[in-house]
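We name chains A, B, ... by the order of the sequence lines, and we start the count at 1 in each one.
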Protein chains: 2
Amino acid sequence: MATLRDVARLAGVDPSTVSRVVNGDQDLVIKEETRQRILKAVETLGYRPNAIARSLRLQRTRTIGLLVPDICNPFFPEVIRGAEAVASEAGYHVIFGNTDDDPAKERRFIDTLLAARCDGLILATAMTRDQTIEYLSEQGLPFVLVNRYTLGTDHYVVTDNLQAGREAVAHLIELGHRRIAHLAGPLFTDTGLSRLQGYRTALREAGITFHSAYVEECDFKEASGYEGARRLLQLDPRPTAIFAANDLIAIGVYRAAAEAGLRIPDDLSVVGHNDIPAATYLHPQLTTIRVPLNEMGRSSARLLVELIERGEATETPVVLKTELVVRGSTAPPRE
Amino acid sequence: MATLRDVARLAGVDPSTVSRVVNGDQDLVIKEETRQRILKAVETLGYRPNAIARSLRLQRTRTIGLLVPDICNPFFPEVIRGAEAVASEAGYHVIFGNTDDDPAKERRFIDTLLAARCDGLILATAMTRDQTIEYLSEQGLPFVLVNRYTLGTDHYVVTDNLQAGREAVAHLIELGHRRIAHLAGPLFTDTGLSRLQGYRTALREAGITFHSAYVEECDFKEASGYEGARRLLQLDPRPTAIFAANDLIAIGVYRAAAEAGLRIPDDLSVVGHNDIPAATYLHPQLTTIRVPLNEMGRSSARLLVELIERGEATETPVVLKTELVVRGSTAPPRE
DNA sequence: TTGAAAGCGGTACCAC
DNA sequence: GTGGTACCGCTTTCAA
């Protein structure tokens, strides 16, 4: 592949001149004839600037990393697309990786990105007791948290999970439910924890006693929601409603309910969280909390780019609005 | 951030020696004492090799690109994970991008990757009349096609889509259906086209006349499946079964059927293709063609790495087996 | 308006 | 067993 020197030789000029033309610096004045000669040489050789060499020289790669727990959770593709759109508009490209919520994997991936001298990082993987934040701060790498919050930084894009959980459960209470269970997310995540707190808050406000037997901790996957729901549905008295910490867990509830011969919403009301596309594939469609997934990705990328280029972000943290979307999976209890 | 020279200075050795130690070349013998001194210097300075500089020197980035039409289609996250797993095991990292099946976007993304001097490319975006293949060949960049095939290369990982379509439709015919419609994928994709051919083949083999009114072209999304199904369900006589070119389209059929007051499978049988996780979220669960998504990703990465490192691939092309998975969405026609 | 040259951070060949 | 050094491809300061 042709280099700057090849072009220079062909055009009969110095490499530095080619560089000036190729980069199209407005301030520099280049004789039109020279410019044309260079442009022609570029054309004939099919010259393509080497971004690696450029990065080395400029100490800037225009690359950002994006860590997600699991791209197969439909929550994340939407976030990724949002982030990618903004990043690429700003001239950055995104390297992403799955951590499976495994700190060792996360660390390994970050080390790779550090070696690659990426310009910044978006993390959708924060844990409530997180070592990564400190590590990144030490390394001086700009980063932004998305979705999951943790202590140690002011740069994050989240929603109010406590409020969302409270609203979800308040909806069930308004319908007349009293025996409301919760399939919590992992309690090492801020999102899992806050939604649980929202659940407890709503119960307290309604004067309903909290029973720990009505809470099961799951990971954010369908299989785990299914397992948790099976346990909840064997309780006596059985809950008449379940608030699932995310939609995948809620999908697990559907499966467990079907197996137990319970109909939704007649025998069991279900509320999810996130409003992933699959929420409307279900029958009945899932009542859930709508989260602006794409906008989350966009905001986090916007924040990060600002952080990289200006050293500080103007509007941070960002707290996005969520909204309860009532569909067919919730109804008054029958009894 | 510390450099090789910093380490050398601190350890009182030459940069080249540090390089030898850091890269742990087995053939070279380094005095144990020197090695220890260097390792300690690396430690105290928190030295981290600069992958950019290394890439420039070695003319190799250990980076591969992965192009998908749309990461929000649940087909792709699984493929991506498979590819990522193999790639990272082999010491490569993956840069991925969405093309939305827009050739201009695809071209732009490839140019970025070319500038970044990535070592190779996996394309899940091939079209039946594709300019990209030729372009990449010109550029001399190793690449592998996955899922979608097109002319111009022997390096691809696919399934037999014609056979799968034929099997899906044969299943419906065996159940007694005669009025079978098809919601085809985009006919600029090999997958869309081949599944349509499979549909026609199965009809022909059963002596059923092909009616073009029974075929609607969709893109591979739920919304488009819904629209297509609405049109099909208004036909007179109405089809008693639909073969959808993928599961998302099938999900659209469910929605259209529900709106039309038709029950699945009593009033309408549905078969999909791919067996994405959501196929089992549906009620009834979707009869579909299982595609080894993860393995597709793995194979394609394996092929590409081989292509990059050895200049040729031993087992290529790869044609993976699919399998009809009969679930609750297909039954004999009632009439 | 253009050229010369140093240097970004490594690697590897050639000495000693 | 270790040091010296040229070079990967580009940018940028300084000089002419």
Side-chain polar contacts of residues 40-54 of chain B - donor-acceptor pairs under 3.5 angstrom, sequence neighbours left out - could you list them?
residue : atom : partner  : partner atom : Å
B:Thr44 : OG1  : B:Lys40  : O            : 3.2
B:Thr44 : OG1  : B:Ala41  : O            : 3.1
B:Arg48 : NH1  : A:Asp111 : OD1          : 3.1
B:Arg48 : NH2  : A:Tyr135 : OH           : 2.8
B:Asn50 : OD1  : B:Ile52  : N            : 2.7
B:Asn50 : OD1  : B:Ala53  : N            : 3.1
B:Arg54 : NH2  : B:Asn23  : OD1          : 3.3

For B:Ile64, does its backbone N or O pair with a side-chain atom of B:Asp119 as donor and acceptor, under 3.5 Å? no
Mind checking side chain to side chain donor-acceptor pair (under 3.5 Å) for A:Arg148 and listing every partner two or more places apart, or none if nothing turns up? A:Asp101
For the residue pair A:Glu309 and A:Tyr92, confirm or rule out a side-chain donor-acceptor distance under 3.5 Å. yes
In short, side-chain hydrogen bond (donor to acceptor under 3.5 Å, both in side chains) pairs touching residues 65-80 of chain B with sequence neighbours left out are A:Arg81-B:Asp70
Does a side-chain heavy-atom distance below 4.5 Å link B:Ile122 with B:Leu67? no
End axis versus end axis in the helix from C:dT1-D:dA16 to C:dC16-D:dG1, the angle rounded to 10°, five pairs used at each terminus: 40°
With a 4.0 Å cut-off, would you call A:Glu295 and A:Arg302 a salt bridge? yes
Test: A:Asp100 and A:Lys105 ion pair at under 4.0 Å: yes
Could you check whether A:Ser55 gets within reach of a base, just the sugar-phosphate, or nothing at all, counting any heavy atom under 4.0 Å? nothing
Where the side chain of A:Ser19 meets the backbone of A:Pro15, is there a donor-acceptor pair that is under 3.5 Å apart? no
Can you give one letter per nucleotide of nucleotides 8-16 of chain D, 5' to 3': B if a protein heavy atom sits under 4.0 Å from the base, S if only from the sugar-phosphate, - if neither? BBBBBB---
Reading DNA chain C from 5' to 3', where do the contacts with chain B start and stop? Cut-off is 4.0 Å to heavy atoms. C:dG9 to C:dC13
Under 3.5 Å, is there a donor-acceptor pair linking the side chains of A:Thr112 and A:Arg108? no
